[in-house]
Amino acid sequence: MPELPEVETVMRGLAARLQGGRIARAVLHRADLRWPFPPGLEAQLRGARILGFRRRGKYILMRLDGGRSLLLHLGMSGRLLLGPARPNLPTPHEHFVLETEQGWRLGFVDPRRFGAIDLLPTVAETTHRLLAALGPEPLEDQFTAAGLSAALAGRRTPIKTALLDQRVVAGLGNIYVSEALFRAGISPNRSAHTVPGARAARLVPAVRETLTDAIAAGGSSLRDYVQPDGELGYFQHAWKVYGRAGLACEHCPGPPVCPGIRRTVHSGRSTFYCSRTQR
DNA sequence: CAAGAATCCTGTCAGC
DNA sequence: TGCTGACAGGATTCTT
């Protein structure tokens, strides 16, 4: 799915165009995605003023007047398509459409339907069941080596798996965990409880730089992801290990010195790493 | 408890 | 050209 950089990129695109607008209508094309939509959502959104946007982990929060926030999560295959209002041509897997009085049309497309939409009081953004347990924002000051060390202490699971846990740090996904561990020179197989200390001190800036670079590139774009305005992100061209099994990493000369980037599996998910430079 | 597997769902791609 | 199986950016829920 969209991981933090993609969600951030999408959110910025939405904010630039929709902030200050007013919702003319909202239309649901089914009753649920991962969970049922809140009852009466269409009517509750009609006429609402869009005050602004924020991101928490991989969640987008659209702040509305009346003290409400619309929560959007893109799951694995979700996309938000933003363009001029048009006759309601059928777009496959478009489950939710929102139109503004200013002439914008926002479509939520999600073939696999792992995404989520909810409406909550803005004051509940820290207590909502999907948001309450999220760990620190990796690009803010609250994400520190000391805090990360505490979160990893005593955990026997591989660091790769631990970093995918949104309670440890919010927003990393399968691509950027591999990329950040490569950047930090830490093996994904290393038990999480051995990371606190010097390795955590390397990991924090590695995570930050990985995400910052990706946001600067406009997020990665895979099959199921495009930015709201339809442009593609370019960070996928900058992946150093993800999807590069068998290739030499940028630090290594290749065989026989280094066997190249390896693919392995943690908890059923692909991991890519260099066994020579990541320890 | 913690860790790993199963699960939700559809699309794509490689191999035969 | 089909068909089949593996795999895909997530995260909860179920088992062990």
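Just so it is clear, the structure is predicted and the values come from calculations on it, not from any experiment. Per chain, numbering begins at 1; letters A, B, ... match sequence-line order.
Nearest to the side chain of A:Q166, among B:dG11, B:dA3, C:dA11, sits C:dA11. Distance from the side chain of A:R156 is smallest for B:dA3 among the nucleotides B:dG4, B:dT10, B:dA3. Here the side chain of A:R113 is nearest to one of B:dA3, B:dT10, C:dG10, namely B:dT10.
Between the P atom of C:dG10 and the CH2 atom of A:W35 lies a distance of 14 Å, rounded to the nearest Å. Atom pair A:R167:CZ and B:dA3:P shows a separation of 10 Å (rounding to whole Å applied). The nearest whole Å value for the distance from the CG atom in A:L164 to the P atom in C:dA11 is 9 Å. Per the geometry, CE belonging to A:M76 stands 8 Å off P belonging to C:dA8, to the nearest Å. Regarding A:F114, its CZ atom lies at a distance of 13 Å from the P atom of C:dT12, rounded to whole Å. Rounding to whole angstrom units, NE2 of residue A:H95 and P of B:dT10 are separated by 9 Å. Whole-Å rounding puts the A:Y59 OH to C:dA11 P distance at 6 Å. The interatomic distance linking A:L134 (CG) with C:dA11 (P) rounds to 9 Å, in whole Å.
Residue A:R34 is in base contact, counting any heavy-atom pair closer than 4.0 Å across all strands shown. If you check every strand for non-hydrogen atoms under 4.0 Å, A:T161 touches nothing.
Paired with A:D213 under the rule salt bridge (Lys or Arg N to Asp or Glu O under 4.0 Å), one option of A:K240, A:R183, A:R208 passes, and it is A:R183. Put simply, the residue from A:N174, A:T161, A:N189 that forms a side-chain hydrogen bond (donor to acceptor under 3.5 Å, both in side chains) with A:H266 is A:N189.
Side-chain N or O atoms of A:Q44 include one that pairs as donor or acceptor with a backbone N or O of A:P39 at under 3.5 Å.
Note on ring orientation: taking the six-membered ring where Trp is involved, the planes of A:H251 and A:F182 are parallel (angle under 30°, cut-offs 30° and 60°).
B:dC9: no Watson-Crick or G-U partner with both key distances under 3.5 Å is found in any strand.
For the OP1/OP2 pair of C:dG10 and a distance below 4.0 Å, the side-chain nitrogens and oxygens of A:S77 include no atom meeting the criterion. Phosphate contact (OP1/OP2 of B:dG4, side-chain N/O of A:T157, threshold under 4.0 Å): present. Here A:H266 does not reach the OP1 or OP2 of B:dG4: none of its side-chain N or O atoms lies under 4.0 Å away. Within the 4.0 Å cut-off from OP1 or OP2 of C:dA11, at least one side-chain nitrogen or oxygen of A:H73 is found.
The base of B:dC9 sits with one of its N or O atoms less than 3.5 Å from a complementary donor or acceptor on the side chain of A:R112.
Between A:R105 and A:E94, at least one side-chain N (NZ, or NE/NH1/NH2) sits under 4.0 Å from a carboxylate O, which counts as a salt bridge. In summary, A:R25 and A:E42 do not engage in a salt bridge, as defined by a charged side-chain N under 4.0 Å from a carboxylate O.
Going from the P atom of C:dC14 to that of B:dC9 covers 15 Å, rounded to whole Å. For C:dA6 and B:dA5, the P atoms lie 16 Å apart once the distance is rounded to whole Å.
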